[in-house]
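Remarks on the structure that follows.
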There are 2 protein chains.
Amino acid sequence: MLEHQEEAPVPGKVTIYDVARRAGVAPSTVSRAFSRPGRVNAATAERIRRVAEELGYRVNPLARALSTARTGMIALVVPDIANPFYAEVILGAQATATRAGFTILLADTQESGRIERAALERAMPTVDGILLAGSRMSDSAIRMVSKQKPVVVLNRAVVDVPCVVPDNARGIRGAAEHLAELGHQHITYVAGPEASWADGMRWRSLREVALELHLRVGRIGPFTPDVQGGVRAAEEMGTSPTSAVIAYNDQLAIGLIRGLAARGVRVPQDVSVVGFDNIFAADLITPGLTTVAAPLHTEGATATKHLLAMISGTASRRSEPGAQRVPEQAGQAVVLPVRLVVRGSTAQRSRKRTSPASGTTRVSPSAAKAATSTSAGSR
Amino acid sequence: MLEHQEEAPVPGKVTIYDVARRAGVAPSTVSRAFSRPGRVNAATAERIRRVAEELGYRVNPLARALSTARTGMIALVVPDIANPFYAEVILGAQATATRAGFTILLADTQESGRIERAALERAMPTVDGILLAGSRMSDSAIRMVSKQKPVVVLNRAVVDVPCVVPDNARGIRGAAEHLAELGHQHITYVAGPEASWADGMRWRSLREVALELHLRVGRIGPFTPDVQGGVRAAEEMGTSPTSAVIAYNDQLAIGLIRGLAARGVRVPQDVSVVGFDNIFAADLITPGLTTVAAPLHTEGATATKHLLAMISGTASRRSEPGAQRVPEQAGQAVVLPVRLVVRGSTAQRSRKRTSPASGTTRVSPSAAKAATSTSAGSR
DNA sequence: AATCGCGTGGCAACTGGTTGCCATGTGTTG
DNA sequence: CAACACATGGCAACCAGTTGCCACGCGATT
């Protein structure tokens, strides 16, 4: 609170040597007083702490890092910060990191594997661990990185690297069942980026579920996972839209709805649309977007928790760079539960504009049950 | 590309000493070869570079920072990453920082001055400069910080500290003129957080413009600057909504529209609403939100550019912590132009539900001119 | 009384670069 | 041919901590 200290006008320049001299001890003792509590006599430690306070001493994290090889920073690499999906993940990560005394180094890779590599190159030597969210690099590249520093991957499963992913399969299943209960029999999947692991996962899951529920499925894409991409998808779809669509993510779904609207196709009367992720905006648009809610915040938090565990595991000696044993199951991905949020973008299949085969309208009680809307992101 | 180097299996552990030995020179020469091009004979430098490459050597930024007191990192402090407003700013900052070889340390302060201080405390010793976006600290606290490290403030003017702000006054003027041209005579301002400098600025500007244009203005608030806040504002407004509203930011405006809709008040038929910032979602909702577009990305970029200039200015000797002379005008805020984006949330004042005084409907040609919509954020 | 062990504190080496200053060698100039 | 300037490389100190090892002193054990 004081603006001027007695002797140290420049709080950034006080070193352990200054403190040591003033306290009448050796610099090493000062160092120990801070970094190794218990190693120093309580009385001495107290005195040192008082002098340090008085001088306005702060440990220099860089100097400390130089010998301990621990910086207290972790890198968070995301493809696009502006994507609200990652914004939530970042928040979750940041919260738990901060709580543990760690700082986050953020890198946006603009959806480019090249930039991602470059960013890692820069960040690697400075951080204790790395969080790769939605990486666009190859599995083998990721594995290489994880050999040098602790790594946790989000939204993607990579063999031999700890991962945290939402339950894509169950999410897609929920969406498909919901649509089936509304009477839809043909679902189109609007695909996201080819490089995305989640995209492949979701499409595969959809095909499996389709078999089981006797649904027909088609697929268009790939599209860039933003609103623009959705608009383009609508164009491509224009000729023969199926009565139900599941999009790779919410942005695509939103763009799709806009694009369809522009072509005179109404949602949900003519086409039902389901998204994925439940981003902030899903609740803002009209109609509200039915979507699979991924636990974004939790994902970031969980991944960070694991990473921190790995880091403190490595704490042993500064040898064996990648020798951390994974916290629990090695290489086993942690799967986080998802839930379907039903809003206005899905509805009973209309009889017209469908093949006259099964014109019966079924009112499914379970669909009605599931129709609990949620409140918008408030935080 | 190679997975195994000839002699250095652990690329993270090669030092200048290893390179020096292998190249037959002194460590200092290796250091110079990298950090001081020209100081070393071209041929020698080339040889060193080759050996380094071969050994997989990378400079250790921490060690370098220890003696140079330059880390190549800048802190970016924002109140809420999930706020799309800041997401864009971050992107702008990150782009120019990366281009200059700098890395960004991100800190979210959850709209808390206390957390903000703590974050700065942690980050300060590690970074070369600080970007404060939407700080919740006091002016004097900010000034203190800027005495220790180069600081640039965004979206707020602080005396004696370089700032980058959008042209709030002109933005509000544009909005008010637009509403006036549509026949509105009474505008309500929905206020954001009290601690926000921008909020005070916008309200003051509105009052000034109102005088000039012979408009009446009222004000409600403060509200938290999110959708929830807008909903609450709608509740508070319910009894006597004016025909026109300007909200502190887009989230408030969006919440307001939802809240009004829930109470049976239609936008824009009954009430015209204008937001501020032109975030991503402004174009997604129905009706589209008329809003003042702030140059978010540019703001981040500009601020970063200035900060980097200040940092390289400080580069002289490691003395005088805060002695950087501001790039151009000292303490003068850089004001960035804004523009009004007219969408569906504003319309001609309806004759009913207004005082019968001036029932004449005016069709303003300039309002029609201004009605150019923009495409949503694509990037 | 001699020995053992433990709690403390100091010495000095180490982390991986940077840089001021000096020595050497070479080319240029008077 | 001497004097001088300049290019180039090395030495060693320095940045601000951490830590292995040792020494000292004191109380407990036998």
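Note on naming: letters A, B, ... go to the chains in the order of the sequence lines (proteins, then strands), and numbering restarts at 1 for each one.
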Heavy-atom closest pair, residues [X] and [Y]:
X: A:Arg117; Y: A:Ala141; value: NH2-CB, 4.0 Å
X: B:Thr15; Y: B:Tyr57; value: C-CE1, 3.7 Å
X: A:Gly129; Y: A:Leu307; value: C-CD2, 3.8 Å

Given D:dA16, C:dG17, D:dG10, identify the nucleotide with an atom nearest to the side chain of B:Val59. C:dG17
Among the nucleotides C:dG10, C:dT18, C:dG16, which one has an atom lying closest to any side-chain atom of B:Thr15? C:dG16
Sequence-distant partners of A:Arg21, salt bridge (Lys or Arg N to Asp or Glu O under 4.0 Å), two or more places apart: A:Asp18
The criterion is salt bridge (Lys or Arg N to Asp or Glu O under 4.0 Å); which residues satisfy it with A:Arg136, sequence neighbours excluded? A:Glu111
Atom [atom1] of [X] and atom [atom2] of [N]: how far apart are they, to the nearest Å?
X: B:Leu62; N: C:dG16; atom1: CG; atom2: P; answer: 11 Å
X: B:Ile16; N: C:dT19; atom1: CD1; atom2: P; answer: 12 Å
X: A:Asn60; N: D:dA16; atom1: CG; atom2: P; answer: 7 Å
X: A:Phe34; N: D:dG17; atom1: CZ; atom2: P; answer: 9 Å
X: B:Ile48; N: C:dT18; atom1: CD1; atom2: C1'; answer: 15 Å
X: B:Asp18; N: C:dG16; atom1: CG; atom2: P; answer: 9 Å
X: B:Leu66; N: D:dA16; atom1: CG; atom2: P; answer: 7 Å
X: A:Arg64; N: D:dC15; atom1: CZ; atom2: C1'; answer: 16 Å

Can you check nucleotides 11-14 of chain D for protein contacts, nitrogen or oxygen pairs under 3.5 Å, and list what you find?
| unit_1 | atom_1 | unit_2 | atom_2 | d |
| --- | --- | --- | --- | --- |
| D:dC11 | N4 | B:Ser28 | OG | 3.3 |

Reference residue B:Thr304; test side chain to side chain contact (heavy atoms under 4.5 Å, CB included); the match among B:Val164, B:Val152, B:Thr96, B:Thr98: B:Thr96
Here's a test for you: under side chain to side chain contact (heavy atoms under 4.5 Å, CB included), which of A:Leu105, A:Leu120, A:Leu76 qualifies with A:Ile130? A:Leu120
Expected list for residues 36-47 of chain B near DNA chain C, using heavy atoms below 4.0 Å, is B:Arg36, B:Arg39
Going through the distances and angles, do B:Gln94 and B:Leu106 end up as a side-chain contact (heavy atoms from CB on, under 4.5 Å)? CA-CA 10 Å; B:Gln94 146 116 16; B:Leu106 188 70; over 6 Å; no
C:dT18 phosphate, OP1 or OP2: any side-chain N/O from B:Ser35 under 4.0 angstrom? yes
OP1, OP2 of D:dG17 versus side-chain N and O of A:Ser31: anything below 4.0 Å? no
What nucleic acid atoms does B:Val25 come within less than 4.0 Å of, heavy atoms only: base, sugar-phosphate, or nothing? sugar-phosphate
Yes or no on side-chain contact (heavy atoms from CB on, under 4.5 Å) for B:Ser28 and B:Arg32, after CA distance, side-chain angles and deciding distance? CA-CA 6 Å; B:Ser28 51; B:Arg32 290 200 187 95; 4.0 Å; yes
What distance do B:Leu131 atom CG and B:His306 atom NE2 have between them, rounded to the nearest 0.5 Å? 11.0 Å
Between A:Ile104 and A:Ile74, is the side-chain contact (heavy atoms from CB on, under 4.5 Å) condition met? List the steps. CA-CA 5 Å; A:Ile104 286 202; A:Ile74 64 184; 4.1 Å; yes
Show every donor-acceptor pair shorter than 3.5 Å between a side-chain atom in residues 42-52 of chain B and any protein atom, with sequence neighbours excluded, or say none if there are none.
| unit_1 | atom_1 | unit_2 | atom_2 | d |
| --- | --- | --- | --- | --- |
| B:Arg47 | NH1 | B:Ala23 | O | 2.4 |
| B:Arg49 | NH2 | B:Ala33 | O | 2.9 |

Taking five pairs at each end of the helix from C:dA1-D:dT30 to C:dG30-D:dC1, what angle separates the two helix axes (nearest 10°)? 50°
